[in-house]
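The structure under discussion appears below in the form of structure tokens.
Just so it is clear: chains get the letters A, B, ... in the order the sequence lines come, proteins before strands, and each one is counted from 1.
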Amino acid sequence: MSSDLLVVENLRKQFGGLKAVGGDDGLSFSVKEGSFVGLIGPNGAGKSTTFNLISGVLEPTAGRVVLAGTDLANVRSSDIASLGLGRTFQTPRAFMSLSVLDNVLVGAKSSGENLRSVLLGGWRSSEPALIEKAKAALTRVGLEDRVTETVSNLSGGELRMLEVARQLIRDPKILLLDEPTAGVDPSLQGKLSKILTDLHKEGRTLIVVEHNLHFLFSIADQIIVLQQGELLSSGTPQEIKTDPKVVAAYLGDEHAA
Amino acid sequence: MTVCLNLQYARGGMINFGTVAYFAAGAYAYAIFTQEPPKGLDQYLFGFDAPWWIGFIAAGVASLLFAIITGWPTLRLRGEYLALTTFAFAEVLHSFLLNERRIGNGSVGLSNVDRPDFSAIGLSENYGFMLSAVLLLILTSLLCRRILASPYGRAVDAVRDDEVAAEAVGKDVHRLRFEIFVISAVPIGFAGALYAMITTLVSPDLFTAEVTFFVWIALVLGGEHTIKGVILGTLALVTFEEVVRSLHFETVRAAEIAASVEYMMTGLIFVMILRWQPFTRFAKKGATP
Amino acid sequence: MTLIAQYFVTGIVTGCFLILATIGFSLTRRVEGFLNIAHAEMLGVSAFIAWGLNTQAGWPFLPAAIVAIVATAFLGLFIGRLVYDPIRNLGPAVLLISSVGVAYVIGGAIDGIVGTGIRSLDIPLATTYKFLGVRITDYQMIVVGLAALTGISLALFLNKTKTGLAIRAMADNPALAASRGIDVQKTSRATWLVASGLAGLAGVMLAMIATLSTDIAFHQILQILAVAILAGLGSLYSVLLSGLIVGVAMDMSVYFIPAGYRPLIAFAVVIVVLLVRPEGLSGRSKS
Amino acid sequence: EEVTVGVLVPLTGELGEFGKIVAGSVELGANEINAVGGTSCGNIRLVVADTGGNPEVGIREASKMIESENAVAILGPTSGVMVALVDLAKRTKTVTMSPYAGTITLNELGGDYVYRTVSSDLGDGAASGLWLKDKGYKSVAFLVQNEESTISPAQVARTTLEEADIELTDFVVYNPGQPSYQAELISVLANEPDAIYLAGGQESGVTVIKEATSGGFEGEWLFTADLAVPEIFDAAGADLLNGRAYVEFADADNSLMEYKAFEALHQDKAGGDPGPFAANSFDMINLVALSLEASGVCSGEGINSVIRDVVDGGESVSSFAEGKAALDEGKDINYEGASGPLVFDPSGTVAGAYTIQRAEGGEWVNEEFYPASAFE
Amino acid sequence: MQLEVRGLKSGYGKVQILHGINLKVPSGEITTVLGPNGAGKSTLMKTIAGHLPMMEGEVVHNGQHLNGIGPLHVCIAGVGLVPQDANVFSDLSVRDNLNASAAAFEGAIERIAEVLKRFPILQERSNQLASTLSGGERQTLAIATALVAGPDILLLDEPTAGLAPIFVDRIVGWVEELAQDGTGIAWVVEQNPEKILAISEDAYVLDAGRVADVLKSKTLLEPGRLEEVLLQVHA
Ligand SMILES: Nc1ncnc2c1ncn2[C@@H]1O[C@H](COP(=O)(O)OP(=O)(O)OP(=O)(O)O)[C@@H](O)[C@H]1O
Ligand SMILES: Nc1ncnc2c1ncn2[C@@H]1O[C@H](COP(=O)(O)OP(=O)(O)OP(=O)(O)O)[C@@H](O)[C@H]1O
Ligand SMILES: [Mg+2]
Ligand SMILES: [Mg+2]
């Protein structure tokens with residue numbers, strides 16, 4: 001039986017008086033290694049904020065996050081990323097002055113990133129392999145035709161896929177995706193769902209925030225529902241679909257079936 | 001004129017965070033190290049009378065140290081705030097050098113700064129300095145090139161574009177920014193030393209915010225992104241200044257009018273160049289991506 | 001003790017002058033998105049117009065001041081449309097350097113027209129009042145009063161009027177503003193008028209308290225920058241606070257260390273504050 | 001045939017007013033010289049450039065005058081620029097001369113190729129100190145602009161006062177270019193000194209005078225040379241100064257014949273009284289012309305080799321025309337300048353005389369004259 | 001009354017993206033625009049709204065030509081746009097966002113009140129800066145700011161992206177009401193296409209800057225039909 005890879009304990013985040021995550025008692029849940037978790041909830045429920053807390057972009061007001069046995073308190077977000085955590089953002093974030101390919105390459109850990117090897121030129125030998133890898137990642141998300149373009153030429157959906165590609169090249173142990181299908185067309189959604197299930201099969205842990213439930217319910221094996229920062233429900237997709245609390249707060253009537 | 005032209009040239013080659021402070025730090029370090037020990041009316045405390053090359057190294061080290069001192073606390077700042085805070089540091093340094101007479105002799109500055117003897121290698125002074133300036137420029141551009149064209153440069157660009165996203169893929173934003181900050185200060189320090197040699201004088205008056213403006217202007221005139229553009233911009237700026245100044249006046253009244261007209265012309269031409277951006281276009285045309 | 005109180009009060013006055021000088025600068029930064037170095041020269045323009053009308057044409061101070069402010073406002077508008085509008089999409093760095101060019105042009109023009117030398121307005125010497133042993137002159141009180149008035153009315157203007165709201169919306173997202181029925185051009189014009197008018201006001205104050213030389217206006221740009229950075233670029237309400245902080249810190253410092261270090265203090269304060277609050281006093285981050 | 005002399009002065013910026021006087025005076029001298037047929041090297045051609053008081057610009061302009069215009073001498077730099085030019089002058093063997101650069105740095109660096117027709121700032125300081133002492137003030141406050149040319153004399157004056165046991169209530173060094181100097185004045189006013197010694201530029205000076213007066217200062221003033229201009233009465237208001245203000249500056253001995261002659265010439269050709277340093281400037285161009293004439297070599301080197309001789313030993317002459325005539329006859333000459341006898345010490349500096357003037361009826365009138373001998 | 005686009009060509013700088021688009025947005029109807037990523041849907045919306053210059057073609061609303069009159073006048077002519085991104089004033093509070101957007105229009109006060117009533121979340125957050133809203137809250141605000149102007153024609157560029165199903169329902173319901181009141185609506189859709197297709201008349205399928213197909217929306221609701229159309233386009 002696999003163990004808990006990510007543990008969130010009594011996590012709370014307040015903005016001024018607003019309790020965005022954790023309400024009064026704090027939010028707690030855990031994610032097993034190799035599982036595929038969907039994180040859903042009404043708008044403003046605190047899903048993105050939870051991601052930001054886990055990945056170290058925001059500091060929690062209280063509570064803690066433990067990743068693979070490491071307490072992430074006071075660990076910088078770049079170090080958390082180095083521990084094997086990958087994430088995308090709800091509003092896509094691209095490096096605007098770089099080309100599509102370079103945007104993906106930034107995700108890779110290149111040996112040419114310390115000054116010594118830059119000055120000695122030692123990094124050059126490993127670069128071609130990385131470029132191949134980056135191109136493969138771009139092909140996987142359907143951007144193979146746009147490798148050399150500057151990212152400011154990409155449309156909204158394309159940017160989102162670019163961000164996924166940047167994570168793919170990093171081989172993260174656990175990947176957090178914030179609304180990966182928003183603005184992505186149905187055919188690409190199919191690609192995406194394939195990518196995600198593949199990643200899952202490779203044994204990676206995934207947490208996905210989505211409002212596109214057709215998409216999510218068909219691939220996730222566990223769903224966590226947040227409402228106003230607190231855990232409303234959790235269970236398999238089937239259980240969630242029929243949970244009256246979830247239906248009332250989130251799904252609306254028509255999904256109840 | 002050639003000397004000064006090339007000096008500016010070298011100066012313009014320093015991209016990124018080029019501010020007068022590191023320039024001054026270099027110049028002062030050079031002067032202090034090569035200066036004779038204080039005597040008579042001098043109010044400075046140090047003077048090591050070292051040969052010029054020690055002074056030169058000291059200049060690099062000094063600007064490096066100053067960059068470390070200023071870079072460390074400003075790491076948290078971004079964009080304009082960072083630029084303006086280094087600017088603030090430059091002002092502080094300026095005011096400090098002006099008031100603290102024990103280091104650089106206050107507003108008088110250190111004069112009669114040592115210069116290397118080029119006649120030993122059979123060069124006239126002007127050509128000697130010109131050559132050194134060009135050499136420094138070439139070395140610096142090569143270094144910049146090498147750094148910027150590597151994955152390191154890619155990471156630096158990424159950090160500049162979006163820090164949060166760069167951190168999310170494991171880039172140590174602090175380290176990268178700090179390193180690039182410090183590295184880019186060193187050539188500026190060297191240029192400062194060179195400058196001190198050429199003018200044989202360092203004084204707070206030489207290192208005012210105007211120098212920083214000058215660098216910015218050169219950067220923008222040439223378009224910020226290519227090293228080539230920067231060099232072109234600087235050259236254009238210097239040439240332009242020289243052209244405006246090359247007119248000579250034989251009566252006082254004419255010179256007087258010219259002085260104010262010159263300012264206006266300079267201003268007008270900036271505005272016009274920026275509006276139509278000829279250098280950027282030229283640099284882009286020639287630049288290999 | 002009174003001595004310290006005196007330094008404090010003088011610091012407040014200095015701060016209020018800085019507020020007047022900076023607030024228009026910050027407004028331009030906020031709406032037009034760049035650091036307008038020529039702002040300081042606009043102070044000079046207004047100061048010299050006031051001086052010219054007052055001493056050369058013999059007008060009384062008040063009408064001279066009003067004409068100077070209005071004229072400066074329109075000059076600012078004119079420059080804004082002529083110089084900055086066409087290059088707006090080239091980015092803030094280009095605009096900034098263009099403004100240096102504009103500063104040169106204005107500075108050169110003032111130099112050429114007015115010439116070197118010292119000027120001061122034909123107004124009575126300041127009268128000093130004493131409260132609890134602390135001196136303050138009537139002119140200083142005017143500066144403080146105007147700074148307060150400007151702060152309040154600008155706040156009201158920006159928050160309560162349609163134009164004010166339009167200015168803020170446009171500062172934020174000009175493309176969207178246009179699609180929401182905001183006349184971007186008109187708003188931009190209003191901004192230039194207001195910002196330059198504020199420069200004009202500060203210039204008149206400058207003429208009132210200082211002795212004018214052609215470069216005194218440009219000397220102010222460093223302190224304007226200090227105050228603006230400290231406030232958090234483009235934020236307006238914090239300018240009030242940051243002007244006071246810089247002013248008081250500078251003047252109080254004279255009590256403890258040699259006066260020559262005053263400019264150093266201004267920037268030292270900036271550095272210290274920024275280290276604690278990287279986005280300036282307003283703490284608003286701009287991504 | 002012409003010989004080129006560079007005039008490098010501030011025409012803009014704080015010292016612009018003085019730069020114009022200097023340049024005007026040099027121009028006047030050059031016209032006089034050319035009117036009598038010029039030097040043996042030909043007529044004098046002037047090239048004028050503005051430094052704005054900035055040493056870097058100074059260096060650039062000077063290099064250009066020397067390299068592309070073949071100037072044999074550069075006249076008129078202010079202190080900071082002068083210091084910056086020392087090395088260039090010596091390297092390129094070009095005589096550099098200033099009529100007002102009192103900076104003490106030149107006391108060490110000057111001499112070969114570097115001269116001035118004005119005495120060092122230290123003399124100003126000594127004269128001011130002497131005056132403050134003689135006037136019998138019990139307490140004096142110093143307000144000094146943050147520049148070498150104001151600080152070093154102030155320090156000399158301060159020493160004099162300390163030796164005379166006069167209370168020094170404050171010694172404030174301030175930065176110019178501020179709208180107001182209230183902060184700097186607080187402690188000065190609180191101490192209520194008998195007099196304020198104000199060594200500052202015009203713009204800061206006027207503001208300080210007004211603010212101190214409105215702040216309740218009732219003592220007297222001693223200013224330094226920058227404020228020795230008539231405009232000060234307009235700008236600051238004559239009633240604030242009349243009977244209370246004094247100014248000290250290095251001055252030509254205007255009882256001298258030579259000065260009177262210059263004054264008359266100035267009245268005649270330029271109109272109006274000569275301003276501060278006008279005589280010293282007039283002397284510079286004459287010295288250059290006479291040296292060219294005396295050495296017969298049309299270069300900076302030529303000037304440098306004889307410049308000390310033309311002011312020392314030989315027939316006294318007080319104009320270029322006289323000197324030229326004497327030289328033609330093969331005599332040695334001793335140029336007695338409009339600003340004084342002009343004898344260069346080893347650092348290329350002349351010993352100076354100083355005047356104290358008093359504000360009265362909206363004018364500066366003579367109060368006291370300290371000849372060079374007063375400081376032996 | 002309707003908006004009509006004829007032979008529209010446009011793009012960014014010299015790069016042409018749209019190669020002759022014909023489109024009708026009749027009043028009182030919902031017209032859907034679909035297509036793969038990068039097909040030019042947003043470009044089309046931006047061009048109609050006056051943010052991008054037209055290279056060729058014309059846009060006519062109510063007999064008035066909107067070519068080249070700029071975004072402000074397009075807005076005044078009664079065509080409102082909710083852009084795909086950067087669609088709120090992020091430094092302004094929710095309330096100021098609404099006020100600024102309403103300033104130029106009559107009857108805006110009442111519409112603001114109505115919007116706030118429909119979406120109490122905006123009322124709750126009225127003093128919060130728009131930049132700190134959650135994704136869905138921001139999207140709600142964006143639609144609200146376009147509506148307070150009371151436009152005749154509303155261009156919605158993926159307005160429900162990132163919205164919870166329950167919010168989507170509410171917005172769909174609201175837009176349907178608007179249509180019934182006579183507003184013409186062009187809706188660029190990707191997520192939840194079923195909900196919108198169910199209430200819309202025509203569906204335009206865009207591909208590579210061209211209209212690949214115009215269909216009755218209802219036909220796309222047949223299972224698998226939508227994927228089929230889009231995949232066809234992709235091939
Ligand atoms: N910086 C901030 N300041 C104040 N409030 C904030 C800030 N960031 C987020 N919030 C508030 O916290 C709440 C949770 O936001 P969050 O972005 O986590 O929601 P979400 O679950 O991701 O919603 P959505 O599905 O709409 O993206 C929201 O109500 C939002 O307004
Ligand atoms: N600013 C720009 N400059 C140049 N090209 C651009 C720009 N914006 C978009 N493009 C290009 O125009 C094409 C159409 O983009 P558009 O944003 O209209 O697509 P879209 O259909 O809205 O896609 P999505 O569903 O992803 O939002 C794309 O190929 C894109 O790369
Ligand atoms: Mg979210
Ligand atoms: Mg789009």
For this session: Check for a donor-acceptor pair, side chain of C/Gln220 on one end and backbone N or O of D/Gly177 on the other, with a separation under 3.5 Å.
Result: yes

Seminar exercise, completed: Checking C/Leu43, C/Leu212, C/Thr211, C/Ile209 against D/Pro179 for side-chain contact (heavy atoms from CB on, under 4.5 Å), the one that qualifies is C/Ile209

Problem set entry | Closest contact, heavy atoms only, D/Gln182 versus C/Thr137 | NE2-CG2, 4.3 Å

Exercise. Side chain, backbone, both or neither: which part of D/Ala235 has a non-hydrogen atom closer than 4.5 Å to chain C?
Worked result: both

Exercise. Of all of D/Ile232, D/Val172, D/Val173, D/Ile186, which one pairs up most often with chain C through heavy atoms under 4.5 Å apart?
Worked result: D/Ile186

For this session: State whether the number of non-hydrogen atoms from other residues, nucleotides or ligands found under 6.0 Å of C/Phe8 atom CZ is greater than 12.
Result: no

Exercise. Measuring from C/Thr10:OG1 to D/Glu211:CD, what's the distance to the nearest 0.5 Å?
Worked result: 9.5 Å

Exercise. What part of C/Tyr7 is in contact with chain D, defined as an atom under 4.5 angstrom from a non-hydrogen atom: side chain, backbone, both or neither?
Worked result: both

For this session: State the CG-CD distance between C/Leu206 and D/Gln178, to the nearest 0.5 angstrom.
Result: 12.0 Å

Exercise. Rounded to the nearest 0.5 Å, what separation is found between the NZ atom of D/Lys210 and the OH atom of C/Tyr139?
Worked result: 8.0 Å

Exercise. If you draw a 6.0 Å radius around CD in D/Glu162, do more than 12 non-hydrogen atoms from other residues or ligands fall strictly inside?
Worked result: yes

For this session: Quick one: which of C/Met252, C/Gln140, C/Gln223 has the most heavy-atom pairs under 4.5 Å with chain D, could you say?
Result: C/Gln140

